[in-house]
Amino acid sequence: MLAKHGGTPVRTKNWVPAFISSEEFDDKEREYLLNVLQKRRVFRFYKKGLDDSEAAKLEQLYRERTKTKHALAVNSGTSSLVSALVGAGIGPGDEVIVPGYTYIATAAAVLIARAVPVIVEIDDTLTMDPKAFEAAITPYTKAVIPVHMRGTPCQMDEIMSTARKHNLLVIEDVAQANGGFYKGIALGGIGDAGCFSFQQYKVVTSGEGGMVVTNNPSIHARASVYHDCAMTFWGVENSTSVESFPGENYRMSEIQAALGLAQSSRIDSVVGRLREVKQTILKGIQSVQGIQLQRIPDPEGDVSYSLVFYLPDTRTAAEFSSHLTAEGIPNGTFQNNGFADRHIYVNWDYVLAKRGASATDTPWTCASYKGNVQYSKDMCPNTLDLLGRAISISLHQSMTEEDCMDAVEAIRKVASFIL
């Protein structure tokens, strides 16, 4: 409690974000899981009923959502990125541009594909700075991975324009933005491929799981082969349209797919409610002096599970956060790991150290790579400045009007005292 603010804290009960309430979804999840058990089919590639598998249904759902021609269900978001990269023909000797603020798996997937990640700045959208992207292009650049962080759509017009000008592939990382749009187009359906995650902390979850979508039949066929080293033996259409090569085992189980279907069936209603919640709070704080709201390239397409604003400096952000917490409003900052360390490039130890799985042969040292990418902890000062000054408040679809007003009142109250 902050006695110097006067009165009691705005909020006294716990405010626990939860994208999808297990109470709401128990019946639907049970229905889909029971269907799997009744069919006695937990492995998707049995020839009998192949087209009617839960994974196939989930793929169809995401083809329809993203208006793409092809979809591939896999066992994680990381697997989706690796499969898309390999599917696109990216490998040794290639550079792939990634933002300095994203889950480490984005850079790791590039390394697993045997390519070299090039780290660039974000801007006040908390997504890739299009100017930094263009400045980082070299003769070895093959692709770019714009990441729709925290549900915020990237500036895809600028990114796509630059990519097309330089003949680069665009692989969207939609792990944190399932259900989002950019100018009316579903995220994931804009670039050459889109990669989704259904991990526990995502808007749609099956515990683990992922999806690759694309309009390119070659990317889909190669990704299919790579996601299953035995793919050519299952008799799946399109799996033999490209020459076979060694792959992994990234298959999605029918149980994962059933959970994904159950949760995906309500994604639009969940995201719609999140947008209502965020807009209510934004309306209440837009006149607050001294704070800078995160710039959203397309507010109507924002997934809206996070509200971010910037303070003048890191010290003020830390103080503001402390007082906001005392008012009963949980929030995240650079200092309290609210912007998790695994999402910030300075903590990607094995990337910055150029340390691969093999000490003698890494993507940086293989004979095919002719570039000379360099890393350092201070290489993206704008990224560190923005994250250091930012405060994030997590939102969820069960928040009431009272909850929203509590957040507004707390922000305004702390701002009047601090700023």
Side-chain angles (χ1 to χ4, degrees), residues 1-19 101 122-127 149-153 176 180 270-340 384-419:
M1 296 185 184
L2 298 180
K4 52 192 173 185
H5 282 181
T8 59
V10 167
R11 185 86 172 184
T12 57
K13 59 184 178 181
N14 290 331
W15 189 358
V16 181
F19 292 126
Y101 177 48
I122 61 170
D123 59 21
D124 59 346
T125 66
L126 290 183
T127 67
M149 279 297 289
R150 305 177 78 93
T152 301
Q176 298 192 17
V270 170
V271 173
R273 177 54 190 156
L274 287 170
R275 289 176 181 145
E276 291 175 358
V277 166
K278 186 170 183 177
Q279 289 305 310
T280 297
I281 299 175
L282 286 175
K283 184 177 179 180
I285 66 172
Q286 61 185 357
S287 63
V288 176
Q289 298 296 312
I291 67 173
Q292 173 194 348
L293 295 174
Q294 176 192 13
R295 179 166 60 91
I296 307 295
D298 180 6
E300 293 184 1
D302 182 18
V303 178
S304 299
Y305 65 78
S306 179
L307 186 149
V308 177
F309 55 89
Y310 304 101
L311 279 300
D313 51 59
T314 300
R315 182 195 61 77
T316 305
E319 186 179 7
F320 197 107
S321 170
S322 176
H323 290 306
L324 199 58
T325 299
E327 292 295 333
I329 307 299
N331 63 92
T333 68
F334 190 87
Q335 291 80 17
N336 67 13
N337 204 33
F339 294 89
L384 298 180
D385 173 65
L386 286 163
L387 294 175
R389 296 189 292 110
I391 288 180
S392 173
I393 298 176
S394 295
L395 310 176
H396 61 92
Q397 79 277 14
S398 298
M399 289 176 64
T400 65
E401 186 77 13
E402 180 186 4
D403 295 328
C404 295
M405 290 301 100
D406 283 344
V408 170
E409 184 181 348
I411 293 170
R412 297 181 68 90
K413 182 177 181 182
V414 175
S416 67
F417 176 76
I418 296 293
L419 303 176

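Since the structure is predicted, the reported quantities are computational estimates derived from the model, not experimental observations.
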Minimum heavy-atom separation for [X] and [Y], please, with both atom names.
X    : Y    : answer
E327 : A410 : CB-CB, 4.0 Å
I296 : P153 : CG2-CD, 4.3 Å
D123 : T125 : OD1-OG1, 2.6 Å
G284 : R412 : O-NH1, 2.9 Å
S398 : D403 : O-OD2, 4.2 Å
L311 : G290 : CD1-O, 4.0 Å

Kindly compute the distance separating [atom1] ([X]) from [atom2] ([Y]), expressed to the nearest 0.5 Å.
X    : Y    : atom1 : atom2 : answer
H323 : K413 : NE2   : NZ    : 11.5 Å
S392 : N336 : OG    : CG    : 9.5 Å
R389 : I291 : CZ    : CD1   : 12.5 Å

Contact between [X] and [Y] at the side-chain level, heavy atoms closer than 4.5 Å - yes or no?
X    : Y    : value
L387 : Y101 : yes
I281 : I393 : no
I391 : V308 : no
L419 : T316 : yes
V271 : S304 : no
I329 : I411 : no
V303 : Q176 : no

Just jot down the salt bridge (charged side-chain N to carboxylate O under 4.0 Å, His left out) partners of R315, sequence neighbours excluded, or say none. E319
Hey, mind stepping through I285 and L293 against side-chain contact (heavy atoms from CB on, under 4.5 Å) and telling me if it holds? CA-CA 9 Å; I285 66 172; L293 295 174; 3.9 Å; yes
Partners meeting ring pair (Phe, Tyr, Trp, His ring centres under 6.0 Å) with F309 (sequence neighbours left out): F320
Would you sort out whether L126 and Y310 count as a side-chain contact (heavy atoms from CB on, under 4.5 Å), showing the intermediate values? CA-CA 11 Å; L126 290 183; Y310 304 101; 3.4 Å; yes
Assess, by modelled atom type and distance only, whether the side chains of T152 and Q294 contain a donor and an acceptor separated by less than 3.5 Å. yes
We want to know whether T400 and E402 form a side-chain donor-acceptor pair, criterion being a heavy-atom distance below 3.5 angstrom.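 On atom types as modelled, these side chains do not qualify, holding no pair under 3.5 Å.
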Measure from the side-chain N and O atoms of [X] to the backbone N and O of [Y], and report whether any donor-acceptor pair falls under 3.5 Å.
X    : Y    : result
S322 : A318 : no
D124 : R295 : no
T280 : E276 : yes
R273 : M399 : yes

What residue pairs, at least two apart or across chains, pass salt bridge (Lys or Arg N to Asp or Glu O under 4.0 Å) with a residue in residues 297-306? K278-D302
Is it the case that R150 places NZ or CZ above or below the six-membered ring of F339, under 6.0 angstrom from the centre and within 45 degrees of the axis? yes
